[in-house]
2 protein chains.
Amino acid sequence: MKGRRRGADLEAALLEAAWTELTERGYSGLTMEGVANRAGTSRPVLARRWNDKAELAIAAIRQQMAKHLMAVADRGDLRTELLEYLELASTRAKGIAAVFTLFSSEYFQDTSSTPQDLRTALLAGGKETLRALLDRAVERGEILEQNLAPPVDTLLGVLFRHHVLMTFSPPPEALRTAWVDRIFLPLVKGHKEES
Amino acid sequence: MKGRRRGADLEAALLEAAWTELTERGYSGLTMEGVANRAGTSRPVLARRWNDKAELAIAAIRQQMAKHLMAVADRGDLRTELLEYLELASTRAKGIAAVFTLFSSEYFQDTSSTPQDLRTALLAGGKETLRALLDRAVERGEILEQNLAPPVDTLLGVLFRHHVLMTFSPPPEALRTAWVDRIFLPLVKGHKEES
DNA sequence: ACGTCAAGATACATCAATGCATCTTAATAA
DNA sequence: TTATTAAGATGCATTGATGTATCTTGACGT
């Protein structure tokens, strides 16, 4: 036996269980009872910490975001780093899809309980990581700052997120490469000499 | 009083009510009772026609798709038609978002009751309209067939859908123009002379 | 005008999830 | 060791939505 868990240890375990349930069953299939069972405990233990499943799910998501943060090292080459970025993001596809089921369920609700900061943090989704990566490329002289104007700078994130939401699965390697080589790089490398 | 509705009339009215409820409350907020009330009738009337809310929602969506089909006339200019396409799509943003709440709710469910054909039809989302529009532009010689290879051809639809799913609102005109002028047209008009 | 059938109203049981109270027991601090 | 606190188990009432049976009544065909 592993004995009885307490305090922070227990809380982390509960949030892990909640996250697993969320990714396996989606937000609509998430229940306090299900989480309690998976965590090997009972509902009152959950009820003492979170008021409803929205709070629980949000806390679980926060824990996941804190646990793995996206990081792409400087490889000296933009294309390499972009592909790495997309590959890394792909490993989180299921989670991203699951998280989105929460937003779609809660959005229309009277009690739109989703905190705005979490919402934007998730919809941005590793925006900073991508941005940092692009800024490095600008400094290297690989691309022009002016080609990274608003709708273009986040394009890869958009393509990725869209694919995940439509298919609930990560984009295959060939598709990621096509995004980079046939869409993104042509746009940011394109000569911009017109008046 | 308007008297008692029957048969096909009644059914159409029920599906209208269901659609309204779906767009106002989302799939998670959709209830048989809510639809019955809005339609000015009672639950048994609904129960005689559809077994659960998934069936009802799907039927309601089908009716909407049949009612307004997207059509963009030949304007002789690709850019004009693309903007018109996006503008037309924007009027349906709320509905698209609502429909997607159904998929996110049902996807993880054991009874993944969403018919595959409807799913693909919706995820494609006016793909044929856009395709027809692009083919006309190719025939006019405005763009090159070879520049419409897979990840590029559906790009505008992707951008649009992503925006709707992220914000649950239609993209403003300025953004739609940016998509067309700064992303899509540069890609499809781009000279492709490299080896 | 009459008969048939479905619309619409009403009532009741059910089911899943939850809120909450209670009780036992293990872990930790003193 | 002992007191305290929270973990974990259990039971019960409640709530929201649904399934379903029954009954009345309006619409339509003949």
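In the text below, chain A, chain B and the rest are named by the order of the sequence lines, each starting its count at 1.
Here B:Tyr27 contributes atom OH and A:Phe108 contributes atom CZ; the two are 14.0 Å apart, rounded to the nearest 0.5 Å. Between the CG atom of B:Leu134 and the CG atom of B:Asn147 there is a distance of 11.5 Å, given to the nearest 0.5 Å. To the nearest 0.5 Å, the span separating CD on A:Gln63 from CG on A:Leu15 amounts to 4.5 Å. In this structure, the separation between CG on A:Leu187 and CZ on B:Phe184 is 11.5 Å, given to the nearest 0.5 Å. With rounding to the nearest 0.5 Å, the separation of NE2 in A:His162 from CZ in B:Arg161 is 3.5 Å. Note that OG1 of B:Thr177 and CH2 of B:Trp179 are 10.5 Å apart. Values are rounded to the nearest 0.5 Å.
Of the options B:Glu24, B:Glu33, B:Glu16, a salt bridge (Lys or Arg N to Asp or Glu O under 4.0 Å) to B:Arg38 is made by B:Glu24 and by none of the others. For the salt bridge (Lys or Arg N to Asp or Glu O under 4.0 Å) criterion with B:Arg140, the lone passing option out of B:Asp135, B:Asp74, B:Asp77 is B:Asp74.
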Enumerate the protein-to-nucleotides 20-23 of chain C contacts in which both atoms are nitrogen or oxygen and the separation is below 3.5 Å.
none

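In the helix from C:dA1-D:dT30 to C:dA30-D:dT1, the terminal helix axes, each the rotation mapping four pairs' C1' atoms onto the next four within five end pairs, subtend 20°, rounded to 10°.
Listed in residue order, the members of residues 28-39 of chain A having a heavy atom less than 4.0 Å from DNA chain C are A:Thr31, A:Met32, A:Glu33.
Atoms CZ (A:Arg49) and P (C:dT18) sit 17 Å apart, rounded to a whole Å. Here D:dT20 presents its P atom at 12 Å from CG of B:Asp52, a figure rounded to the nearest Å. As a whole-Å value, the separation of A:Arg4 CZ from D:dA7 P is 9 Å. Across the protein-nucleic acid pair, A:Lys53 atom NZ and C:dA16 atom P stand 15 Å apart, rounded to whole Å. Spacing between atom CG of B:Leu10 and atom C1' of D:dA27 amounts to 12 Å, rounded to whole angstrom units. Atom CG in A:Asn51 sits roughly 8 Å away from atom P in C:dG19 (whole-Å rounding). Between the C1' atom of D:dA17 and the CG atom of B:Leu46 lies a distance of 13 Å, rounded to the nearest Å. As a whole-Å value, the separation of A:Arg5 CZ from D:dT5 C1' is 18 Å.
The shortest non-hydrogen separation linking A:Leu78 to A:Glu142 is N-OE2, 2.9 Å. Contact record, B:Leu14 with B:Ala39: CD2-CB, 3.7 Å, taken as the closest heavy-atom pair.
Here the nucleotide nearest the side chain of A:Arg6, chosen from C:dG8, C:dA26, D:dC28, is C:dA26.
Taking side-chain N and O atoms only, A:Thr41 has no distance below 4.0 Å to OP1 or OP2 of D:dA7.
A donor-acceptor pair is defined here as one N or O able to donate and one able to accept, closer than 3.5 Å; no such pair exists between the side chain of B:Glu21 and the backbone of B:Leu30.
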